[in-house]
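Worth saying up front: this structure is predicted, and the values here are computed from it rather than measured. Computation of the quantities below employed the complete heavy-atom set of this structure, encompassing side-chain atoms and omitting hydrogens, waters and symmetry-equivalent molecules. The sequence lines fix the lettering, A, B, ..., with proteins before strands; numbering per chain opens at 1.
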2 protein chains.
Amino acid sequence: MSNCRQCIIKRFNALKTLTQEELEKFSDHKTTLVIKKGENLLTEGNAINGLYCIRDGKGKMTKLNTNGKEQIIKFIKGGDILGHRSILSEELVGLNAIALEDMHVCFIPKGDILETIKENANFSLDLMRNISQQLNDANTAISQMAQKPVRDRLAETLIYLEEIFGLDNEACIDVILTREEIANTIGTATESAIRLLSNLKKDGVIDLIGKKIKIINKSSLKNISEGY
Amino acid sequence: MSNCRQCIIKRFNALKTLTQEELEKFSDHKTTLVIKKGENLLTEGNAINGLYCIRDGKGKMTKLNTNGKEQIIKFIKGGDILGHRSILSEELVGLNAIALEDMHVCFIPKGDILETIKENANFSLDLMRNISQQLNDANTAISQMAQKPVRDRLAETLIYLEEIFGLDNEACIDVILTREEIANTIGTATESAIRLLSNLKKDGVIDLIGKKIKIINKSSLKNISEGY
DNA sequence: TACAATGTATGATATTTGTCATAGATAAAA
DNA sequence: TTTTATCTATGACAAATATCATACATTGTA
């Protein structure tokens, strides 16, 4: 079907340093799959043996807490590469990857990845850069979860969602999340998330149109996210 | 002074896959430094150009929050390797590394690391494994920070501290932290941390001997950390 | 269409946590 | 040693957040 060499997605991720031949190899061996809304691409604790490259669609990466609650760790979309742990011997998947809408995903087997790592140090470094960036983001998240009140984290999250998913044609954040999913992102009760969203709307900072959220006053939202 | 080939520390970290020649190269070019208690080995936002390998001593990795508070992200000790971001082009340090007691540290220049990455794919993979493990830990931390109450996080942290630093000859957790540092680890007010420590002591789960903490009933502490 | 299931919203209340104040304990400095 | 600064501890109170209850809205489905 599609060809890695022509895929636009690769320009934006760790695959961008690959040579023509390496891309051909990936293209020949890759499989393409469709993950329907609500289905898992990755499941916590499972083994996989290759990398997944998301072509399009949106998803969430989650973790089941010891108390049984779902925590959303990050959101994913076209261009993201998942499953890097699989190429490091037999490590198991650490997070669930669940589709928020239908996703198209390419799977590149571990063998090809390892071969390419051996031959192309820049690809190695790009993969490392990718993981490293994720670690940096995660460290920031720890700090914010630990020290910011829920209202600030909500504001922060709305800005983050707009950055990740952009705007639809009505200037709303272009992703549909339930209130529960928003609560599971910022780590609070669903009712609290609902209440704080209502407050932000009442203050004219955001607008709520069904499940869609529109940021009206970004600088004010930014201030709230920083505790003012 | 010391030689990388004979260093025991390397057996426990990403340097373990290096060949004799690679270790010689590292040994020839490395510099050794002493970081006094309270001093920074790394400072958030600074540029460095190489990896630091901790020989001995204990430290904390911190992040300054937008509200000016210090968040402790993780603790470090002998065997840990810091500064991996420096080998990925010009990325700046993301966290402060501050000595909790005097540390001895070896510095290996970026050039040697990059050369070795090109020549030894296993070293690449080991570095990746290291960062990947950190990312995994960080994701777990996000989930726990977001969803667990302070008391549970305190219990969790005490168990974690014992795992990392072990016990001294009086069976106390072998690290000295101020109550403020404990509070900055779990993300709460210093007074709250003090109060909850007192509660745990009153319940006979831990003992407090000055700044030293002794875990009396680990399984009970584990239960608390999981919300029971 | 009507029905069930799920999601959203809001009030009342309990619990958790933070803040401020104060005092004693410990460690550092003169 | 004495003095000063920092750290630990605890009470009183305020603020933030969770929980429970209930009602309404929306969505999917028989």
Novice: Take the protein atom CD of A/Glu180 and the nucleotide atom C1' of D/dA18, then report the distance between them rounded to whole Å.
Specialist: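 It is 15 Å, rounded to the nearest whole Å.
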Novice: Find the distance A/Ile224:CD1 to D/dA16:P and express it as a whole number of Å.
Specialist: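 Rounding to the nearest Å, CD1 of A/Ile224 and P of D/dA16 are 13 Å apart.
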Novice: Regarding A/Asn65 and B/Gln147, is there a side-chain donor-to-acceptor distance under 3.5 Å anywhere?
Specialist: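 Looking only at side-chain atoms, B/Gln147 and A/Asn65 do form a donor-acceptor pair, the distance falling under 3.5 Å.
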Novice: For A/Arg151 and B/Leu208, find the nucleotide of DNA chain D closest to each by heavy atoms; which residue's nucleotide sits nearer the 5' end?
Specialist: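 Nearest nucleotide further toward 5': that of B/Leu208.
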Novice: Pick from B/Glu101, B/Glu70, B/Glu180: which one makes a salt bridge (charged side-chain N to carboxylate O under 4.0 Å, His left out) with B/Lys60?
Specialist: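 When B/Glu101, B/Glu70, B/Glu180 are each tested with B/Lys60, the salt bridge (charged side-chain N to carboxylate O under 4.0 Å, His left out) holds only for B/Glu70.
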Novice: N/O contacts under 3.5 Å, protein versus nucleotides 23-30 of chain C?
Specialist:
none

Novice: Does the plane of the ring in B/Phe75 sit parallel, tilted or perpendicular to the ring in B/Tyr160? Use 30° and 60° as the thresholds.
Specialist: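 Tilted, since the angle between the ring planes falls between 30° and 60°.
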Novice: Output the rounded distance in Å from CG (B/Leu196) to P (C/dT15).
Specialist: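 Rounded to the whole Å, the gap is 16 Å.
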Novice: Listing time: all N or O pairs from protein to nucleotides 19-22 of chain D that are below 3.5 Å?
Specialist:
unit_1, atom_1, unit_2, atom_2, d
D/dT19, O4, A/Arg195, NH2, 2.9
D/dC20, N4, A/Glu191, OE2, 3.4

Novice: Have B/Asn217 and B/Ser219 got a donor and an acceptor in their side chains that come within less than 3.5 Å?
Specialist: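 Yes, because at least one side-chain N or O of B/Asn217 sits under 3.5 Å from a partner of the opposite role on B/Ser219.
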Novice: Measure the distance from CD1 on B/Ile194 to C1' on C/dT17 and round it to the nearest whole Å.
Specialist: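 Computing the B/Ile194:CD1 to C/dT17:C1' distance gives 14 Å.
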Novice: Would you call A/Lys58 and A/Asp174 a salt bridge, using N to O less than 4.0 angstrom?
Specialist: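 Judged by the 4.0 Å cut-off on N to carboxylate O distance, A/Lys58 and A/Asp174 do form a salt bridge.
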Novice: Among D/dT17, C/dT17, D/dA9, find the nucleotide with the atom closest to the side chain of B/Thr188.
Specialist: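 Closest of the options to the side chain of B/Thr188: C/dT17.
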Novice: Round to the nearest Å and state the distance from B/Lys148 atom NZ to C/dT17 atom C1'.
Specialist: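 The answer, rounded to whole Å, is 18 Å.
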Novice: Could you tell me how far apart A/Leu197 (CG) and D/dT17 (P) are, to the nearest whole angstrom?
Specialist: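 One finds 14 Å between P of D/dT17 and CG of A/Leu197, rounded.
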Novice: Which whole-number value in Å describes the distance from A/Gln147 CD to C/dT17 P?
Specialist: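 Taking atom P of C/dT17 as the reference, CD of A/Gln147 is at 15 Å.
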Novice: Between B/Thr43 and B/Asn40, does any side-chain donor sit less than 3.5 Å from a side-chain acceptor?
Specialist: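 B/Thr43 vs B/Asn40: donor-acceptor pair found between side chains.
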Novice: Side chain of B/Thr178 only, please: which of C/dA9, C/dT17, D/dT8 is the nearest?
Specialist: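 Of the candidates, D/dT8 comes closest.
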Novice: Go through A/Leu177 and A/Leu100 one step at a time and tell me if the side chain to side chain contact (heavy atoms under 4.5 Å, CB included) criterion holds.
Specialist: CA-CA 8 Å; A/Leu177 298 171; A/Leu100 290 168; 3.8 Å; yes
Novice: So, taking the atom named SG in B/Cys106 and the one named CZ in B/Phe26, what distance separates them when rounded to the nearest 0.5 Å?
Specialist: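 Separation between the atoms: 11.5 Å.
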Novice: For the residue pair B/Arg85 and A/Asn136, establish whether any side-chain heavy-atom pair is separated by less than 4.5 Å.
Specialist: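 Touching, per the 4.5 Å side-chain cut-off.
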Novice: Rounding to a whole Å, what distance do you find between A/Asn184:CG and C/dT8:P?
Specialist: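 Answer to the nearest Å: 12 Å.
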Novice: Side chain of B/Ser198, heavy atoms from C-beta onward: which of D/dT17, C/dT8, D/dT10 has the nearest atom to it?
Specialist: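 Per side-chain heavy atoms of B/Ser198, the pick is D/dT10.
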